[in-house]
Amino acid sequence: MKKIVTIQDISCFGKCSLTVALPIISAMGIETAVIPTAVLSTHTGEGFKNYTFRDLTSDIPSIAAHWKSMDLNFDALYTGYLGSPEQVDIVSNFFDDFGTNENRIIVDPVLGDAGRLYAGFTKSFVEKMKKLCARADYIMPNMTEVSFLLDIPYTETYSEEYVMDVLRRLAELGCKTPVITGVHYDDIKQGAAAYNSENDRFYFSFDKNINYRFHGTGDIFSSVFTGACTLGMDIQQCLDIAVKFTLDCIEATIPHIDETWYGSCFELCLGKLIGYVKEK
Ligand code: PXL
């Protein structure tokens, strides 16, 4: 059985980070160990304020030391939302301890959305995140995160040539295969694009564009992509399954917007995800 470890926060209410990654990757038939980086009462996105934040940075080295003493190893190391610049350094040490020639490192550089950094993030955090991306096999930024990682202006309108150019520049940060999420050239299609710098090939996957934004869809995409690549799917298959499932979740949420404005109804789609994995 495949086994991964995911390192990100627990937002106790709000459907993102660990409360999304754990059920999704488990549904794909992969054992999912977790290192919670912080406990928040809710996520920090739109609609919530006065949330609590308990930093768990100092727990990470002792969890890693205990696991090292047991000789644990993982098929993938997958990071999401990290709470502070110090935490990024500690996660980098975790990669030193648990990275091997066989396993994959997947970094979702959670920084912001809609052109803005999430609450509490600063330029120095972005600089640390760039360094973590350099260590990854795959990174999965959205266009906002791309603009911060590359120090370029955020734009909502762009061409395929632009996407290919920024993918190359993301690879120059040091990551083998950058993947950009939420790519759209018009209002009709939306999807993701990837660049494998080892064979200089680009990959694209598009499906219907739905004009709604729900919190946590980036975490859904990254979790499915991580699961798919851990199961040995190729880049195109990973993009296709992650784009399709993210769209399923967005569509499933629309009838429930009033009750779950803070996240997507991915729970209603887990059966479909299990089906997609069986088909591959
Ligand atoms: O979905 C990314 C995410 C994860 N965790 C926390 C967040 C966010 C985005 O806002 O606030 C705590």
Side-chain angles (χ1 to χ4, degrees), residues 4 6-8 21 76-82 88 91-92 95 99 103-115 117-118 121 125-156 158-185 189-207 217-230 232-243 245-246:
I4 75 151
T6 182
I7 308 179
Q8 44 188 319
L77 318 178
Y78 160 41
T79 71
Y81 180 99
L82 301 175
V88 183
V91 166
S92 186
F95 290 168
N103 66 12
R104 303 225 170 84
I105 295 181
I106 297 133
V107 171
D108 184 356
V110 176
L111 294 170
D113 203 3
L117 290 177
Y118 290 130
F121 287 166
F125 184 76
V126 173
E127 292 307 313
K128 290 278 185 190
M129 193 56 94
K130 284 186 198 173
K131 295 212 175 87
L132 198 67
C133 287
R135 307 206 48 189
D137 294 295
Y138 299 92
I139 60 170
M140 270 158 251
N142 59 32
M143 273 298 185
T144 299
E145 290 154 350
V146 168
S147 76
F148 284 104
L149 291 172
L150 296 181
D151 293 308
I152 54 175
Y154 170 70
T155 168
E156 301 234 345
Y158 44 80
S159 62
E160 186 168 281
E161 290 67 40
Y162 178 83
V163 169
M164 290 165 74
D165 178 50
V166 292
L167 279 167
R168 277 215 167 87
R169 289 162 68 181
L170 288 169
E172 283 163 12
L173 287 178
C175 152
K176 281 197 204 97
T177 305
V179 178
I180 304 179
T181 62
V183 175
H184 56 94
Y185 310 124
K189 288 189 180 308
Q190 173 154 196
Y195 171 59
N196 181 346
S197 61
E198 290 183 322
N199 63 9
D200 199 32
R201 276 193 59 188
F202 290 91
Y203 304 80
F204 296 91
S205 182
F206 287 99
D207 211 317
T217 48
D219 300 341
I220 293 172
F221 181 97
S222 302
S223 299
V224 176
F225 190 100
T226 297
C229 91
T230 304
M233 293 184 205
D234 62 32
I235 298 178
Q236 189 63 53
Q237 288 174 315
C238 293
L239 283 183
D240 289 345
I241 189 172
V243 166
F245 184 71
T246 306

Determine, stepwise, if the pair Cys229 / Tyr138 fulfils side chain to side chain contact (heavy atoms under 4.5 Å, CB included).
-> CA-CA 10 Å; Cys229 91; Tyr138 299 92; 3.9 Å; yes

Give the intermediate values and the outcome of side chain to side chain contact (heavy atoms under 4.5 Å, CB included) for residues Ile7 and Leu77.
-> CA-CA 8 Å; Ile7 308 179; Leu77 318 178; 5.9 Å; no

Val146 vs Tyr154, side chain to side chain contact (heavy atoms under 4.5 Å, CB included): CA-CA, chis, key distance, verdict = CA-CA 8 Å; Val146 168; Tyr154 170 70; over 6 Å; no

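The salt bridge (Lys or Arg N to Asp or Glu O under 4.0 Å) contacts involving residues 158-169 comprise Asp165-Arg169, Arg168-Asp200, where partners must be two or more places apart or lie in separate chains.
Summarising the geometry, atom CZ belonging to Phe225 is positioned 5.5 Å from atom CG belonging to Leu239; distances are rounded to the nearest 0.5 Å. Taken to the nearest 0.5 Å, the CD1 atom of Ile180 stands 4.0 Å off from the CG atom of Leu167. In this structure, Ser159 OG and Met164 CE are separated by 9.5 Å, a value rounded to the nearest 0.5 Å. With rounding to the nearest 0.5 Å, the separation of CD1 in Ile106 from OG1 in Thr79 is 9.0 Å. Atoms CE and CG, on Met140 and Asp219 in that order, are 11.5 Å from each other to the nearest 0.5 Å. Going from atom OG of Ser197 over to atom CZ of Phe202 covers 10.0 Å, rounded to the nearest 0.5 Å.
Not a single salt bridge (Lys or Arg N to Asp or Glu O under 4.0 Å) links Glu172 to another residue, sequence neighbours left out. Residues that satisfy the side chain to side chain contact (heavy atoms under 4.5 Å, CB included) test with Asn196, not counting sequence neighbours, are Thr177, Glu198, Asn199, Tyr203, Ile235. Gln236 pairs by the side-chain hydrogen bond (donor to acceptor under 3.5 Å, both in side chains) definition with Asp240, not counting sequence neighbours. Residues forming a side chain to side chain contact (heavy atoms under 4.5 Å, CB included) with Ala228 (at least two apart in sequence, or on another chain): Met28, Met233, Cys238, Ile241. For Arg104, the salt bridge (Lys or Arg N to Asp or Glu O under 4.0 Å) criterion is met by no residue, not counting sequence neighbours. In this view, Ser222 and Asp108 satisfy the side-chain hydrogen bond (donor to acceptor under 3.5 Å, both in side chains) rule, not counting sequence neighbours. For Tyr81, the side-chain hydrogen bond (donor to acceptor under 3.5 Å, both in side chains) criterion is met by no residue, not counting sequence neighbours. Taking Tyr118 as the reference, nothing meets the ring-ring contact (aromatic ring centres under 6.0 Å, His included) condition, with sequence neighbours excluded. The salt bridge (Lys or Arg N to Asp or Glu O under 4.0 Å) search around Lys176 returns Asp137, not counting sequence neighbours. By the salt bridge (Lys or Arg N to Asp or Glu O under 4.0 Å) test, Lys130 is found to be paired with Glu127, Asp151, residues two or more places apart in sequence or in another chain being considered. Under the side-chain hydrogen bond (donor to acceptor under 3.5 Å, both in side chains) criterion, Lys189 pairs with no residue, sequence neighbours left out.
Note: Tyr185 and Tyr158 have perpendicular aromatic rings, judged against thresholds of 30 and 60 degrees for the angle between ring planes.
Of the N and O atoms on the side chains of Ser223 and Tyr78, at least one donor lies less than 3.5 Å from an acceptor on the other residue. There is a side-chain donor-acceptor pair under 3.5 Å between Gln8 and Thr6.
For the pair Val224 and Ala242, the tightest heavy-atom approach, listed with the atom from each and the gap, is CG1-CA, 3.7 Å. Contact detail for Ala192 and Val183: the closest heavy-atom pair is CA-CG2, 4.2 Å. Pairing each heavy atom of Ala171 with each of Pro178, the nearest pair is N-CG, 3.8 Å. For the residue pair Met143 and Val163, the shortest heavy atom distance occurs at CE-CG2, 3.9 Å. Here the closest non-hydrogen pair linking Thr144 and Gly115 is OG1-N, 2.8 Å.
For the pair Ser205 (side chain) and Gly191 (backbone), a donor-acceptor distance under 3.5 Å is absent. Checked by atom type and distance alone, the side chain of Asn142 pairs as donor or acceptor with a backbone atom of Gly112 at under 3.5 Å. A donor-acceptor pair under 3.5 Å links the side-chain atoms of Glu145 to the main chain of Leu111, judged by distance alone.
A 4.5 Å side-chain heavy-atom check between Pro141 and Thr181 finds every atom pair outside the cut-off. Counting heavy atoms from C-beta outward, Ser92 and Lys131 have side chains that stay 4.5 Å or more apart.
Tested against Leu82, the residues Val110, Leu132, Val107 include a single side-chain contact (heavy atoms from CB on, under 4.5 Å) partner, Leu132.
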